[in-house]
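Input: a single structure, listed below in C-alpha cells.
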Amino acid sequence: MFTQEEIRQIEAHGLTVAQVEQQIENFRAGFPSLPIVRAASCGDGIRRFNDDEIAEILQRYDAESSKLRCVKFVPASGAATRMFKELFEYVNDDKRTAGIDKLITNLEKFAFFAELAKYLNPQIDDKDVVRNIIVEGLCYGAKPKGLVTFHAYKGGVRKPVEEHLVEAALYASNGERAAIHFTVSPEHKEGFLALLEERQSYYEQKFGIKYDVSFSEQSPATDTIAVNPDNTPFRTEEGKLLFRPAGHGALIANLDKLDAGIIFVKNIDNVTTDERKGDTVTFKRVLAGTLLRLQERSFELLRALERGEDRVEEAKAFLQCELCCKLPEDASKELIIKTLDRPIRVCGMVKNEGEPGGGPFWVGDEFGREQLQIAESSQIAKEDMHLMKEATHFNPVDLVCAVSRYDGSKYDLMKYTDPKTGFISSKSADGRELRAQELPGLWNGAMANWNTLFVEVPITTFSPVKVVQDLLRPEHQ
C-alpha cells in the first residue's frame, strides 16, 4: 500500500505503518455506536447538591487546597477561524447576513473596538471595517481565540488568556502559586508568551501569587491519515500522504504528561467577566471538593483490599452508589478492584437550553457494567437517537480530574481510552474531497474508562464564544 518513501514519511511523523493501516481500517469499517442504556438525569446519574451540602463541600476543598498541586488545563489550540466564519464570507464572497448587520450596528459595544478604531476613518465602508477585524488591522482571523479581546473593564480590556489567569487565582491556587497549562499551536505560542510577558506580573500583584504557566503542542504522532472517498490513502499534488490533526481527543496525551493532584479542564473561550464569575468559582470548588471526597474513599478501600481485608461488598456498594458504576450481580473481586482502581473525573452538567454539547448517558460495556459517559450525537445509533432527545443536561467541558493512584504513582491515561470510538467527517484539500478521522473526544472516548460522576451546575458557569456576535451577550458585556 505504501512506498518506501511513504513509510519514511509515516515514521518521521511519529507513527508506525501498523497504526496508519488501523486508521484506514477504521475508515472502512466505521466506528461502532455506543451501547447507550439511557440518558442520565438528576437522581439517576446526576447529583444535585443542596445549600448545606455545597457549604460542606466548599469548606472541605478550601481546607485542603493549600496542600494540593492544582493545574488548570486549557485547550487553546487553533485559529479562531470558526468564530469569524461569517465575516470571512462577507469579505471574500460579499455574503452579507443579519449577523454582519448586528456586528456593524453594535461595533462600539465590542471590547476590541478601541483597538479597532485605530485602523478606521470616517470614509471607510462596512466591508473594510470587517476586513480590519479579520485580515488587516487586528488580524483576528489568523489569531487563536485566547488572544482576541473579549471583555472591557474600567481599567482596560482582557483577553481569554487573562481571564483564565484570574480564574486560576480564584479556585486553582494554593494561596502562593497557581499553575496553568495551555495547549497551543506552534505558530501561536509566541503570541501567548508576549501577552504573558506584558500582563502576568499585573495579575500576580493583584492576587498576591505567582503563576507557573506552561505550554504543550499537539503531537504529530496523534495525527491521522486522510483518505479518498473510496478509503484509499489521499495523496497531495506533490504525491505525499496527507496527515491531519486528530481533534481535541489527541490532547489526552498532553494531559497525561501533567503531574498534579487535581486538574481543572476548561475551554479557552468559556470565560465571563469578574461581575459574573461567582458561580464559576463556587462550582469549580464544589466539583473539586466532591472529587477529593471520592478519591479519599477510593484510596481507603483499595488499600484495605490490598491488605486482604474483606471489604469487597463495601467497595461494590461505593462504586454503585457514589461513583455511579453499576456492576453485574456476579461481579468478581478482580472486576470490582479493577473498576475502583481508575482515574476519577467529576463533570459539571448544565440544563440543556438548546446549546450544543455532549450529553450525559449510562453506557454498557463488555464486562456487564453500566457507567456514566459523555456522548456526542455522532456516537449514538439512529435507533437510540430518541435517548439523545431525553437528555436534560449537557457538559460544557467543565471537568475536574484526579490522575494519581492510591500508592502515589500516576495512571497511564492512554490505557483508559476507548479506541473503538472516533469521528469520521468529509473535508477537502487541493480542491478534492477527502475523508478525515478524529480520535475519540477528550471528554468522550478519551476518558471513556474513567470513574465518572456528574454534578449539576448553574447555566451561568457556561458562557462560550462560538461566533464573534456572542461577545454581545450579557455575560461578556
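We number each residue from 1, following the sequence as shown.
Of all heavy-atom pairs spanning M388 and A375, the tightest one is CE-O, 4.1 Å. Between Q19 and G14 the shortest heavy-atom distance is OE1-O, 4.3 Å. Listed here is the closest heavy atom pair of G45 and L372: O-CD1, 3.3 Å. Scanning all heavy atoms of the two residues, the minimum distance from V465 to K145 falls at O-NZ, 2.8 Å. Contact between C325 and T339 at its shortest, heavy atoms only, is SG-CG2, 3.6 Å. In terms of heavy atoms, F150 sits closest to D269 at CE2-O, 3.9 Å.
Counting heavy atoms from C-beta outward, I252 and L439 have side chains that stay 4.5 Å or more apart. Between T149 and K159 there is a side-chain heavy-atom pair separated by less than 4.5 Å. Side chains of P458 and T282 form no contact here, defined as non-hydrogen atoms less than 4.5 Å apart. Between F361 and Q373, every side-chain heavy-atom pair lies at or beyond the 4.5 Å cut-off.
Between the K351 side chain and the E456 main chain, no donor and acceptor come within less than 3.5 Å of each other. Looking only at distances, a side-chain donor or acceptor of N270 sits under 3.5 Å from a matching main-chain atom of S463. Here the side chain of T183 pairs a donor or acceptor atom with the backbone of A76 at under 3.5 angstrom. For the pair D62 (side chain) and Q59 (backbone), a donor-acceptor distance under 3.5 Å is absent. In this structure, the side chain of Q23 engages the main chain of I225 through a donor-acceptor pair within 3.5 Å. Put simply, the side chain of E53 gets close to the backbone of N50: a donor and an acceptor are under 3.5 Å apart. No side-chain donor-acceptor contact under 3.5 Å links E198 to the backbone of L195. Of the possible polar contacts, none joining the N267 side chain to the P75 backbone as a donor-acceptor pair under 3.5 Å is found. For N395 (side chain) and G348 (main-chain N/O), a donor-acceptor pair under 3.5 Å exists by modelled atom type. With Y211 contributing its side chain and L165 its backbone, the two residues share a donor-acceptor pair below 3.5 Å.
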Verdict with supporting geometry, H188 and F192, side-chain contact (heavy atoms from CB on, under 4.5 Å)
CA-CA 7 Å; H188 297 144; F192 280 84; 4.1 Å; yes
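Between K284 and E167 there is no salt bridge, since no side-chain N of the basic residue sits under 4.0 Å from a carboxylate O of the acidic one. Salt bridge present: R297 and E300 bring a charged side-chain N and a carboxylate O closer than 4.0 Å. By the 4.0 Å N-to-carboxylate-O rule, R276 lies too far from E475 to be salt-bridged with it. The existence of a salt bridge linking R60 and E296 is confirmed by a sub-4.0 Å separation between a basic side-chain nitrogen and an acidic carboxylate oxygen. One finds a salt bridge joining E370 and R38 here, because a Lys/Arg side-chain nitrogen approaches an Asp/Glu carboxylate oxygen to under 4.0 Å.
Residue E275 places its CD atom among 12 or fewer non-hydrogen atoms of other residues, nucleotides or ligands, all under 6.0 Å distant. Around the CD atom of E190, the shell of radius 6.0 Å holds no more than 12 heavy atoms that belong to other residues, nucleotides or ligands. For CD of E329, the number of neighbouring non-hydrogen atoms (other residues, nucleotides, ligands) closer than 6.0 Å is 12 at most. Taking a 6.0 Å sphere around CD of Q22, one finds it holds more than 12 heavy atoms contributed by other residues, nucleotides or ligands. Counting heavy-atom neighbours within 6.0 Å of E187 CD, excluding the residue itself, gives a total above 12.
No option in R303, Q295, E306 other than E306 meets the side-chain hydrogen bond (donor to acceptor under 3.5 Å, both in side chains) test with Y406.
With Y153 as the aromatic partner, R158 meets the cation-pi criteria of under 6.0 angstrom to the ring centre and within 45 degrees of the ring axis.
Taking the six-membered ring for Trp and thresholds of 30 and 60 degrees, H13 and F243 have nearly parallel ring planes, at less than 30 degrees apart. Ring pair F264/Y61 is perpendicular by interplanar angle, where above 60° counts as perpendicular and below 30° as parallel. Using cut-offs of 30° and 60° on the angle between ring planes, the pair Y203 and F207 is parallel.
To the nearest 0.5 angstrom, K333 atom NZ is 7.5 Å from D310 atom CG.
Side-chain contact, R69 with N174: no donor N or O sits under 3.5 Å from an acceptor N or O.
Residues passing the side chain to side chain donor-acceptor pair (under 3.5 Å) test with K410 are D256, sequence neighbours excluded. R405 meets the side chain to side chain donor-acceptor pair (under 3.5 Å) test with D341, D407; sequence neighbours excluded.
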